[in-house]
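Worth saying up front: this structure is predicted, and the values here are computed from it rather than measured. Each chain gets a letter, A, B and so on, in the order its sequence line appears, and its residues count up from 1.
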Amino acid sequence: MHPVITHSWNVTEAEARRIQRELAQKVELADRLPDPVRLVAGVDAAYETDGDRMFAVAVLFDADTLAPLETVEAEGVSPFPYVPGLLSFREIPILQTALAKLSQRPDLIVCDGQGVAHPNRLGLASHLGVVFDVPTIGCAKTRFVGDHGPVGNSRGDFAPLMLDGDEVGSALRTQDGVNVLYVSPGHRVSHATARDWVLKLAPNFRLPETTRAADHAVNALRQRVLTQNSGKNS
DNA sequence: GCGACAG
DNA sequence: ATCTTGTCGC
């Protein structure tokens, strides 16, 4: 069958945090995206309930029509435990495996998680962006760090997310009356551009189409693999 | 010491 | 993230 690749960082938590502070110096908060952004990708990961297998998918979208163009999958073994603040060390390896399978390189990648809204200013989106030198946006469903004031009740309303005096993201309302999303620049994208893209990618629902598609696909993959495995006879 | 804590 | 039933609302 397909080989299950075991990625490993071989780093301790302290070393991981040192790497973050190092890579955080390379994060660019100014816009530096392809002239017209044509391809946007969404990525997501899922895990085996008990065990260390994990899955990931990358879904490529036409940035203009928001039509899904390609979906690729990856399966592997968790290389790092979940530790708040070190999520990228757990998901980047398999996300890289999935992204490498795309037939075209995305102009922008939207991640499930934070960008620079992170203790060391290097959440998953920023880490991914720096190591692949690709524009990224962090779009999380819940807050991780920072604080913000009240947000209007209408789509497009937002409040700056502040951390230690720095603006690290936005609490953004993508639909009237729904809970806000925590949007932060990953790499080579400004705060305003990050918000604009998330709003454009979420015309009908709270979450961006990229996130919805990736989440749906990765859960389908997980279900598919784990259920056929439960009825095995090797 | 206590509380918080992306996915 | 994952485990889970019913239930409120358009």
Donor-acceptor side-chain pairing of A:T174 and A:R206 below 3.5 angstrom: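 The criterion, which ignores hydrogens and geometry beyond distance, is not satisfied for A:R206 and A:T174.
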
Taking only the side-chain heavy atoms of [X] (C-beta and beyond), determine which of [options] contains the nearest atom.
X	options	answer
A:L87	B:dG7, B:dC5, C:dT2	B:dG7
A:R222	C:dT2, B:dG7, B:dC5	C:dT2
A:R143	C:dA1, B:dC5, B:dA6	B:dC5

Between the side chains of [Y] and [X], is the shortest nitrogen-to-carboxylate-oxygen separation below 4.0 Å, so that they form an ion pair?
X	Y	result
A:E75	A:R222	no
A:E22	A:R18	no
A:K141	A:D112	yes

Per-pair stack call A:Y47 and C:dA1, 5.5 Å, 30°: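 Whether judged by distance or by angle, A:Y47 falls short somewhere, so it does not stack on the base of C:dA1.
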
Centroid under 5.5 Å and tilt under 30°, A:Y82 to B:dG7: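 So yes, this residue stacks on that base, both cut-offs being met.
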
Side chain to side chain contact (heavy atoms under 4.5 Å, CB included) between A:L99 and A:L128, intermediate numbers included: CA-CA 11 Å; A:L99 286 168; A:L128 193 67; 4.3 Å; yes

For atom [atom1] of [X] and atom [atom2] of [N], their distance in whole Å:
X	N	atom1	atom2	value
A:D50	C:dC3	CG	C1'	11 Å
A:R121	B:dA6	CZ	C1'	15 Å
A:L226	C:dA1	CG	P	15 Å
A:D215	B:dA6	CG	P	17 Å
A:D44	C:dT2	CG	C1'	13 Å
A:L172	B:dA6	CG	P	19 Å
A:R90	B:dA6	CZ	P	13 Å
A:L86	B:dA6	CG	C1'	11 Å

Paired stretches of DNA chain C - 3 or more consecutive Watson-Crick or G-U pairs, each distance under 3.5 Å: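 If one scans DNA chain C for consecutive Watson-Crick or G-U pairs, no stem of 3 or more turns up.
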
Close side-chain approach of A:V11 and A:F80, heavy atoms under 4.5 Å: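 Result yes, sub-4.5 Å side-chain heavy-atom pair found.
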
Dump the pairs, protein N or O against N or O of nucleotides 8-10 of chain C, anything under 3.5 Å, distances to one decimal.
none

Sugar-phosphate, base or nothing in reach of A:A46, heavy atoms under 4.0 Å: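 A:A46: backbone/sugar contact only, no base atoms under 4.0 Å.
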
Touch class at under 4.0 angstrom, heavy-atom based, for A:G138 against every strand present: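 No contact.
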
When you check the phosphate oxygens OP1 and OP2 of [N], does a side-chain N or O of [X] lie under 4.0 Å from one of them?
X	N	result
A:K141	B:dG7	yes
A:T49	C:dT2	no
A:T142	B:dG7	yes

Within the 6.0 Å centroid threshold, strictly below: A:H148 and A:F158: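 A:H148 vs A:F158: aromatic centres not under 6.0 Å.
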
A:H187 ring center within less than 6.0 Å of A:F132 ring center: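 No; A:H187 has its ring centre 6.0 Å or more from that of A:F132.
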
Identified side chain to side chain contact (heavy atoms under 4.5 Å, CB included) counterpart of A:D44 within the set A:D215, A:V59, A:L95: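 Looking at A:D215, A:V59, A:L95, the match for A:D44 under the side chain to side chain contact (heavy atoms under 4.5 Å, CB included) is A:D215.
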
Linked, directly or transitively: A:V183 and A:V145 (ILVMFWY side chains, under 4.5 Å):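 In one cluster with A:V183: A:V145, no.
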
